[in-house]
**Student:** 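Next up is a structure, given as structure tokens.
Here the structure is a predicted model, which is why all the values come from computation and not from measurement.
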Amino acid sequence: VGNRFDFKGVDAAFDFSEKEVKIKAEAEFQVQQMLDMLQGKIVKRGIDITALKPAEEIEITGSKATLTCQVVQGIDGDTARKIVKHVKDLKMKVQVAIQGEKLRVTGNKRDDLQRVIAELRQEDFGVPLQYENFRD
């Protein structure tokens with residue numbers, strides 16, 4: 001943050017923990033600018049922007065403004081069930097298993113698996129999806 005000219009001499013910081021990021025600054029507009037910076041860095045690293053869920057409002061206490069952003073990791077149970085139902089509705093020869101916060105899709109043909117990935121990319125489930133190929 002200190003590298004930007006508009007943040008020189010300003011008490012602003014990012015506090016990272018495992019499941020959230022707290023953005024602290026002196027004014028509300030600075031918090032918004034810091035959120036834009038954070039989102040830009042996330043995009044540069046190839047992470048989906050929906051992996052960061054900012055709070056509805058910026059908390060202002062005295063001379064400090066704070067915004068808490070939740071970091072989404074894994075797939076919750078309801079979303080996993082929606083994805084499983086969607087894949088089963090495709091009527092393809094693949095099996096879907098929920099493994100904790102992940103889904104595992106198995107099938108004999110690589111083309112079927114690639115078609116499942118293409119179908120899931122077209123749908124919006126409200127969470128960022130990442131795909132790993134175990135067959136190489």
**Student:** Go through it in stages, so that I can follow the logic: the residues are I83 and E123, the test is side-chain contact (heavy atoms from CB on, under 4.5 Å), and I'd like the CA-CA distance, side-chain angles, deciding distance and then a yes or no.
**Tutor:** CA-CA 9 Å; I83 295 172; E123 293 293 319; over 6 Å; no
**Student:** How long is the span from the CD atom in Q32 to the CD atom in E28, to the nearest 0.5 Å?
**Tutor:**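 That separation rounds to 6.5 Å.
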**Student:** Is it true that I49 and V21 fall in one hydrophobic cluster, defined by side-chain heavy atoms closer than 4.5 Å?
**Tutor:**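 No.
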**Student:** Linking I/L/V/M/F/W/Y whenever their side-chain heavy atoms sit closer than 4.5 Å, directly or via other members, would V43 and F14 fall into one cluster?
**Tutor:** no
**Student:** Which heavy atom of Q73 sits nearest a heavy atom of E18, and at what distance?
**Tutor:** NE2-O, 3.9 Å
**Student:** Please lay out, stage by stage, how V94 and T106 fare under the test side-chain contact (heavy atoms from CB on, under 4.5 Å).
**Tutor:** CA-CA 6 Å; V94 294; T106 55; over 6 Å; no
**Student:** Which atom pair, heavy atoms only, marks the closest approach of L67 to A55?
**Tutor:**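 Looking at all heavy atoms of both residues, the shortest contact is CD1-O, 3.8 Å.
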**Student:** About how many Å separate CG of N108 and CG of L113, when rounded to the nearest 0.5 Å?
**Tutor:** 9.0 Å
**Student:** Report the C-alpha separation of V87 and L120 in whole Å, then their side-chain angles, then the decisive distance to 0.1 Å, and conclude whether the side-chain contact (heavy atoms from CB on, under 4.5 Å) test is met.
**Tutor:** CA-CA 8 Å; V87 170; L120 290 177; 4.1 Å; yes
**Student:** If two hydrophobic side chains count as joined below 4.5 Å and joins carry through other members, does V105 share a cluster with L90?
**Tutor:**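 They do share one cluster, since a chain of ILVMFWY contacts under 4.5 Å joins V105 to L90.
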**Student:** Can you tell me how far apart CG (L103) and OG1 (T79) are? Round to the nearest 0.5 Å.
**Tutor:** 9.5 Å
**Student:** Nearest 0.5 angstrom please: K22 NZ to E59 CD, how far?
**Tutor:**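 With rounding to 0.5 Å, NZ (K22) is 7.5 Å from CD (E59).
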**Student:** Mind checking the NZ-OG1 spacing from K24 to T68? Nearest 0.5 Å is all I need.
**Tutor:**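 Output value for this atom pair is 8.5 Å.
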**Student:** Return yes when atom CD of Q99 has more than 12 non-hydrogen atoms of other residues, nucleotides or ligands closer than 6.0 Å, and no otherwise.
**Tutor:**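 Enclosed: over 12 neighbouring heavy atoms sit under 6.0 Å from CD of Q99.
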**Student:** Is K64 atom NZ crowded by more than 12 heavy atoms from other residues, nucleotides or ligands, each under 6.0 Å away?
**Tutor:**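 Yes, because the 6.0 Å sphere around NZ of K64 holds more than 12 heavy atoms from other groups.
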**Student:** Test of understanding: clusters of I, L, V, M, F, W, Y form through side-chain heavy atoms closer than 4.5 Å, transitively. Do V96 and I98 belong to the same one?
**Tutor:**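 Both belong to a single hydrophobic cluster.
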**Student:** Give a yes or no on whether I75 and I117 share a hydrophobic cluster (residues Ile, Leu, Val, Met, Phe, Trp, Tyr; joining criterion: side-chain heavy atoms under 4.5 Å apart).
**Tutor:**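 Yes: a chain of side-chain contacts under 4.5 Å links I75 to I117.
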**Student:** Please find the pair of heavy atoms, one from A25 and one from M34, that lie closest to each other, and give the distance.
**Tutor:**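 In this case the closest contact between A25 and M34 is CB-SD, 3.9 Å.
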**Student:** Measure the CD1-CD1 distance between I23 and I58 for me, rounded to the nearest 0.5 Å.
**Tutor:** 8.5 Å
**Student:** Taking the side chain from E26 and the backbone from D11, do they hold a donor-acceptor pair closer than 3.5 Å?
**Tutor:** yes
**Student:** Does a salt bridge link K85 with D89, judged by any charged N lying under 4.0 Å from a carboxylate O?
**Tutor:**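 Answer for the salt bridge query: yes.
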